[in-house]
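Note: hydrogens, waters and symmetry copies are ignored here, and every other heavy atom, side chains too, is used.
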Amino acid sequence: MATPPSPPPPPAPATIFDLGDDLLSQILVRLPALPTLVRAACACRAFRRAARSFPSFRRSFRERHAPPVLALFLEPNMEVVPLHPCPWRRHDPDLVAADFFDVRHGDALSSGWKINSETPCSGGYLIHDNCSEGAQRGAAYSPLTQVLDLFLDLPPVGKIYLEFYTLLPEDGRRPSRVVCVRVDGQRAERAAVFSSDTMEWQIFPETTLQLTVSDRLRASGVVHGLVYWRGWMYDQIVVLDTATFQFSLIDLPTPLKPELGESTYKLGETKDENLCIVDIKDKTIVSWFLDNCSVVNSWITYKNFPLRPIVRELTGCSMEEEDYCNVNVDLVAVIDGFVYLCIFYLKDTEYRELYLSICLETSDMCELYNGAYRHNEAAHPYVMAWPPSLVQSKEESETEDDDPKDTEETSSVLIAALQSFSQALMNADKEKEIVAELDAFLRPTEDGKGSLISRISTLDAQMTAARNRILRINE
């Protein structure tokens with residue numbers, strides 16, 4: 001009688017490494033937040049490869065999750081307020097009390113550029129002064145957005161403003177760029193762009209549009225490759241397209257055209273990357289998005305949100321006339337289809353402030369912070385950007401030691417652009433007059449610590465260290 005064959009060995013148990021990149025990506029896209037995804041990508045190369053292999057993964061993840069607002073920076077001292085839910089809130093109490101930029105202590109004993117002691121922050125910018133060499137010079141830098149403004153005074157030419165905007169690649173395949181816009185007195189003159197690919201500046205011809213700057217204090221920003229200035233042209237938005245480097249004008253929606261007083265609207269973009277505009281009118285949040293498919297750009301009404309029920313539900317206070325003096329609602333920002341609001345209110349003899357987000361697409365609300373009023377003048381959300389290391393570029397080959405927490409140093413791109421700008425201006429018409437003054441702005445100090453470039457590097461390093469500290473905290 002033949003010996004029966006031995007039973008086959010049991011199959012090896014399946015592990016996470018047996019799953020393909022497509023299935024792993026479907027698991028990773030369901031993680032609760034971007035910091036969690038980054039920590040998962042740190043766990044092993046298979047997770048990291050799955051998060052980087054599909055160009056659509058980033059878009060799918062963003063569609064499922066709100067922008068990760070980790071903190072608010074409060075003017076005038078850039079005090080940090082961690083938001084809930086926040087990865088450091090329970091696990092790192094020291095970071096809650098951290099002074100990111102050491103604004104309160106100042107640097108009065110240092111030479112060269114230093115933060116203005118009377119007005120350390122305005123509009124999200126840290127204001128810097130330099131009174132050495134017998135002249136007073138001013139600059140403003142935002143470490144949150146990597147935007148630098150230089151204020152040049154050139155008698156008899158007059159005042160010239162240079163605005164530098166750092167544009168980082170989102171797909172890992174385009175070079176980083178720095179866009180400079182020159183504003184000559186009360187008129188926008190021309191634009192230039194620096195590319196980290198060529199390490200050279202390209203200066204464009206002067207614009208033919210009559211762009212009168214009615215108010216230098218009005219906010220500017222960058223939305224989906226568009227540099228915009230609101231309030232320059234009274235009832236129009238000035239836009240610079242960084243793909244074509246052409247200036248254009250966009251009319252405001254009719255209900256937002258100013259009559260008296262200052263405009264309060266905020267510009268942002270929807271989840272599908274359309275330019276949108278949000279304001280508060282008659283105790284209602286109103287919104288429009290720009291129809292890019294029409295021959296002439298036109299605003300289309302999007303969604304409205306009555307504030308009375310929102311305020312009553314979240315604070316228990318009323319916005320009726322007899323109680324309205326105890327409640328104030330301000331727009332904070334519009335980011336990736338989410339509107340951020342601050343509700344200032346009086347509750348049981350205590351002044352409090354509440355921050356929340358509203359999704360324009362789904363109307364979902366999320367309370368971010370509710371606590372005692374901190375006597376701040378304005379708030380600026382710190383949104384965690386998508387790490388470039390989670391995007392696979394064409395030229396990139398994965399290595400064992402690449403770290404998803406490491407991101408491109410934005411200050412290095414801006415600094416390289418600043419250091420080569422003077423030489424580029426020497427070769428451009430009508431720009432040589434500002435070279436000497438620009439060199440005075442960027443000249444290194446004797447100790448190497450008080451130069452404007454070193455200040456920018458320090459601020460960016462502080463922001464990077466804080467971000468990486470947050471990401472390394474375990475849940």
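Put simply, the side chain of Q146 never gets that close to the backbone of L414: no donor and acceptor are under 3.5 Å apart. Without hydrogens or angle criteria, S195 side chain to M199 main chain gives no donor-acceptor distance under 3.5 Å. Under a 3.5 Å cut-off, the side chain of R308 and the backbone N or O of M319 do not form any donor-acceptor pair. With R30 contributing its side chain and Q26 its backbone, the two residues share a donor-acceptor pair below 3.5 Å. Counting only distance, with no hydrogens or angles, the side chain of D241 and the backbone of A243 share a donor-acceptor pair below 3.5 Å. A donor-acceptor pair is defined here as one N or O able to donate and one able to accept, closer than 3.5 Å; such a pair exists between the side chain of R177 and the backbone of T242. Remark: the backbone N or O of A50 is not paired with any side-chain donor or acceptor of S25 at under 3.5 angstrom. Judged by distance alone, the side chain of T284 and the main-chain N or O of V286 form no donor-acceptor pair under 3.5 Å. Of the possible polar contacts, none joining the T36 side chain to the P32 backbone as a donor-acceptor pair under 3.5 Å is found.
The CG atom of N130 sits 8.5 Å away from the CZ atom of F441 when rounded to the nearest 0.5 Å. Summarising the geometry, atom CD belonging to E75 is positioned 15.5 Å from atom CZ belonging to R374; distances are rounded to the nearest 0.5 Å. Taking CG of D336 as the reference point, atom OG of S357 lies at 12.0 Å (rounded to 0.5 Å). Residue T315 holds its OG1 atom at 10.0 Å from CD of E367, rounded to the nearest 0.5 Å. Once rounded to the nearest 0.5 Å, the distance linking CZ of F151 with CG of L162 reads 10.0 Å. Note that CZ of R52 and CZ of F47 are 15.5 Å apart. Values are rounded to the nearest 0.5 Å.
Between the side chains of S457 and S454, no donor-acceptor pair of N or O atoms lies under 3.5 Å. Counted by atom type alone, D149 and Y165 present zero donor-acceptor pairs between their side chains at under 3.5 Å. For Y340 and D330, the side-chain atoms include no donor-acceptor pair closer than 3.5 Å.
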Task: I343 vs N328, side-chain contact (heavy atoms from CB on, under 4.5 Å): CA-CA, chis, key distance, verdict - done: CA-CA 6 Å; I343 303 176; N328 186 55; over 6 Å; no

TODO: Starting from the C-alpha separation in whole Å, work towards a yes-or-no answer on side-chain hydrogen bond (donor to acceptor under 3.5 Å, both in side chains) for Y355 and E353.
DONE: CA-CA 7 Å; Y355 292 89; E353 55 186 346; 3.3 Å; yes

Open item on the list: Pair L256, K281 - check side-chain contact (heavy atoms from CB on, under 4.5 Å), show working.
Closed with: CA-CA 9 Å; L256 298 188; K281 293 291 184 183; 3.6 Å; yes

Open item on the list: One pair to check against side-chain contact (heavy atoms from CB on, under 4.5 Å): I280 and Y265. What are the steps and the verdict?
Closed with: CA-CA 7 Å; I280 295 177; Y265 66 84; over 6 Å; no

Task: Test ring pair (Phe, Tyr, Trp, His ring centres under 6.0 Å) applied to W288 and Y302, step by step - done: CA-CA 5 Å; W288 294 261; Y302 195 15; over 10 Å; no

- [ ] Verify side-chain contact (heavy atoms from CB on, under 4.5 Å) between V311 and V329, making sure each step is shown before the conclusion.
- [x] CA-CA 9 Å; V311 170; V329 182; 4.0 Å; yes

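When side chains are defined from C-beta on, V278 counts as touching L331, because their heavy atoms get closer than 4.5 Å. Taking the side chain as every heavy atom from C-beta outward, Y125 and L148 never approach each other to under 4.5 Å. For the pair W113/I453, no side-chain contact is recorded, criterion being any heavy-atom separation below 4.5 Å from C-beta on. L314 is listed as a side-chain neighbour of L356, based on a closest heavy-atom distance under 4.5 Å. In this structure the side chain of I277 never reaches within 4.5 angstrom of the side chain of L275, judged on heavy atoms. Side-chain contact check for L24 versus D22: every heavy-atom pair is 4.5 Å or farther apart. Side chains of I285 and N304 form no contact here, defined as non-hydrogen atoms less than 4.5 Å apart. No side-chain heavy atom of Y228 sits less than 4.5 Å from a side-chain heavy atom of I250.
What you find for F194 and S420 is that their closest heavy atoms are CE1-OG, 3.5 Å. The two residues K347 and C317 have their closest heavy-atom pair at CD-SG, 4.4 Å. Across all non-hydrogen atoms, the minimal contact from F245 to A191 is CD2-CB, 4.2 Å. The two residues I358 and M365 come nearest to each other via the heavy atoms CG1-CG, 3.7 Å. Closest non-hydrogen pair, S287 versus K303, comes out as OG-O, 2.6 Å. Contact between L126 and H128 at its shortest, heavy atoms only, is O-ND1, 3.0 Å.
In this structure, F344 has its ring center under 6.0 Å from that of Y351. Aromatic pair H375/Y373: ring centres closer than 6.0 Å. Within the 6.0 Å centre-distance limit, the rings of W201 and F421 are counted as a close aromatic pair.
Test V179, L150, V147 against F164 for side-chain contact (heavy atoms from CB on, under 4.5 Å) and you get one pass: L150.
Salt-bridge annotation for R49 and D21: present, with a side-chain N of the basic residue lying under 4.0 Å from a carboxylate O of the acidic one.
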